[in-house]
Enquirer: 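Okay, here's the structure, questions in a sec.
Every number for a ligand or one of its atoms is a count from 1 in the order of the listing.
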Amino acid sequence: MRINATFVALLALGGAVVATAATSPIFAEGLRARPVQDALTRKECGACHMVYPAGLLPARSWRAMMGDLENHFGDNASLEADATQKIAAYLEANAADAGGARRAKILRDLDAAAAPLRITETPFWKRKHEKRNRVAAATLKRKGAKSKSDCKACHEGAEQGVFEDD
Ligand code: HEC
Ligand code: HEC
């Protein structure tokens with residue numbers, strides 16, 4: 001009887017793990033990241049392009065980016081110090097590696113010391129898009145994408161952090 005009880009408990013545990021794997025943003029097939037909830041970040045970081053979910057880059061990348069908004073991919077995206085600090089804090093707190101998490105798919109094969117400023121420079125992103133040349137110039141044009149950074153043109157749910165289907 002005792003063995004049975006343990007077995008049942010283990011089964012229940014296994015079920016819980018499976019359920020978590022199926023619903024967790026991190027373990028889901030494809031990639032899911034929480035959409036940006038912070039109003040200030042949405043406003044300021046959505047002024048020129050889609051609002052990139054914070055979970056698509058590690059904290060060290062956001063820190064580097066927020067430390068040099070004057071030179072933001074050829075644009076000056078600088079903000080007042082207070083706003084910069086608040087947005088940086090939000091992005092870092094919700095980054096791919098927030099809370100010491102290391103399982104985010106977007107961080108796969110990314111050197112622990114590397115702080116890419118682009119999601120499109122991460123090994124995971126490259127691997128997903130190099131396959132069948134998914135971001136070839138002709139494809140970008142057909143999709144009406146400004147560049148490969150224009151996730152929303154191909155992934156309708158990009159701002160909501162959904163990239164499972166296109
Ligand atoms: C020109 C179209 C295009 C653009 C732009 C684009 N993608 Fe994709 N992406 C694709 C296609 C096609 C696939 C493969 C089909 C799929 O798995 O949904 C894909 C796959 C992915 C996957 C893997 C999904 C999975 O199920 O394994 C992720 C994550 C992803 N893209 C994120 C992004 C992000 C983030 C951006 C913007 C920085 C972006 N993509 C820009 C076309 C695009
Ligand atoms: C003044 C316009 C402007 C503002 C404001 C702005 N950006 Fe950008 N951002 C750009 C441009 C231009 C690019 C390069 C896009 C391209 O290559 O097509 C870019 C690219 C990015 C990328 C890289 C996307 C990729 O993977 O290729 C990230 C991440 C990003 N911005 C985050 C932010 C954040 C966070 C904020 C708010 C603090 C912000 N941006 C505000 C203009 C802006």
Side-chain angles (χ1 to χ4, degrees), residues 21-98 101 103-110 114-166:
T23 50
S24 149
I26 291 166
F27 293 104
E29 254 313 306
L31 183 142
R32 273 173 175 272
R34 281 181 197 84
V36 169
Q37 309 281 359
D38 179 57
L40 182 67
T41 307
R42 291 192 66 83
K43 175 170 170 269
E44 301 296 353
C45 303
C48 301
H49 48 63
M50 63 167 270
V51 185
Y52 295 107
L56 295 183
L57 284 174
R60 55 190 186 273
S61 291
W62 293 125
R63 207 173 301 130
M65 183 182 297
M66 294 307 292
D68 192 17
L69 283 181
E70 272 141 72
N71 301 298
H72 183 77
F73 307 98
D75 272 14
N76 182 347
S78 58
L79 299 163
E80 307 217 334
D82 185 47
T84 306
Q85 211 209 316
K86 281 183 182 146
I87 293 172
Y90 176 82
L91 293 171
E92 287 181 41
N94 292 279
D97 57 347
R103 279 176 290 205
K105 285 193 174 180
I106 198 77
L107 300 183
R108 231 174 242 176
D109 300 329
L110 182 68
L117 296 181
R118 287 183 180 272
I119 301 148
T120 49
E121 274 169 9
T122 60
F124 177 84
W125 192 95
K126 286 190 190 166
R127 202 158 52 234
K128 288 290 180 182
H129 295 84
E130 274 162 8
K131 254 190 272 167
R132 288 188 262 137
N133 212 353
R134 280 161 173 160
V135 286
T139 314
L140 292 176
K141 200 170 166 208
R142 183 165 49 80
K143 293 280 187 180
K146 283 177 225 128
S147 75
K148 62 185 181 183
S149 310
D150 192 2
C151 324
K152 239 167 72 165
C154 302
H155 303 281
E156 210 184 320
E159 268 186 331
Q160 283 71 51
V162 181
F163 297 95
E164 285 140 303
D165 32 53
D166 58 331

Enquirer: Does any N or O of ligand 1 fall below 3.5 Å from an N or O anywhere on Lys143, backbone included?
Expert: no
Enquirer: Any side-chain heavy atom of Val135 sitting closer than 4.5 Å to one from Trp125?
Expert: yes
Enquirer: Using distance alone, determine whether His129 and ligand 1 share an N or O pair under 3.5 Å.
Expert: yes
Enquirer: Who's the nearest protein heavy-atom neighbour of atom 32 (C) of ligand 2, and how far?
Expert: Met65 SD, 3.4 Å
Enquirer: When you measure from atom 14 (C) of ligand 1 to each heavy atom in Arg118, Arg127, Lys131, Arg134, which option holds the nearest one?
Expert: Arg134
Enquirer: Say whether Asp75, considering both its backbone and side-chain N or O atoms, lies within less than 3.5 Å of an N or O atom on ligand 2.
Expert: no
Enquirer: Within less than 2.8 Å of atom 8 (Fe) of ligand 1, any N, O or S from Cys154?
Expert: no
Enquirer: Examine His155 against ligand 1 and note whether any of their N/O atoms are separated by less than 3.5 Å.
Expert: yes
Enquirer: Considering only heavy atoms, which of Arg142, Lys128, Arg132 lies nearest to atom 23 (C) of ligand 1?
Expert: Lys128
Enquirer: Counting heavy atoms only, which of Arg42, His49, Lys43 comes nearest to atom 10 (C) of ligand 2?
Expert: His49
Enquirer: So, His72 and atom 8 (Fe) of ligand 2: N/O/S under 2.8 Å, yes or no?
Expert: yes
Enquirer: Any salt bridge linking Arg127 with Asp109? Criterion: basic side-chain nitrogen under 4.0 Å from a carboxylate oxygen.
Expert: yes
Enquirer: Does an N or O anywhere in Phe73 fall below 3.5 Å from an N or O of ligand 2?
Expert: no
Enquirer: Please list, in number order, the atoms of ligand 2 under 4.0 Å from a heavy atom of Trp62.
Expert: 29 (C), 35 (C)
Enquirer: Hey, is ligand 1 close enough to Trp125 that some N/O pair sits below 3.5 Å?
Expert: yes
Enquirer: From atom 8 (Fe) of ligand 1 out to just under 2.8 Å, does an N/O/S atom of Cys151 turn up?
Expert: no
Enquirer: Answer with side chain, backbone, both or neither: which part of Asp150 has a heavy atom less than 4.0 angstrom from an atom of ligand 1?
Expert: backbone
Enquirer: Only heavy atoms count here, so choose which of Ala88, Ser147, Ser149 is nearest to atom 18 (O) of ligand 2.
Expert: Ser147
Enquirer: For Thr120, counting its heavy atoms only, list the atoms of ligand 1 lying under 4.0 Å from any of them.
Expert: 38 (C)
Enquirer: Which residue and non-hydrogen atom of the protein lie closest to atom 35 (C) of ligand 2, and at what distance in Å?
Expert: Cys45 SG, 3.5 Å
Enquirer: Considering only NZ, NE, NH1 and NH2 on the basic side and carboxylate oxygens on the acidic side, decide whether Asp97 and Arg60 come within less than 4.0 Å.
Expert: yes
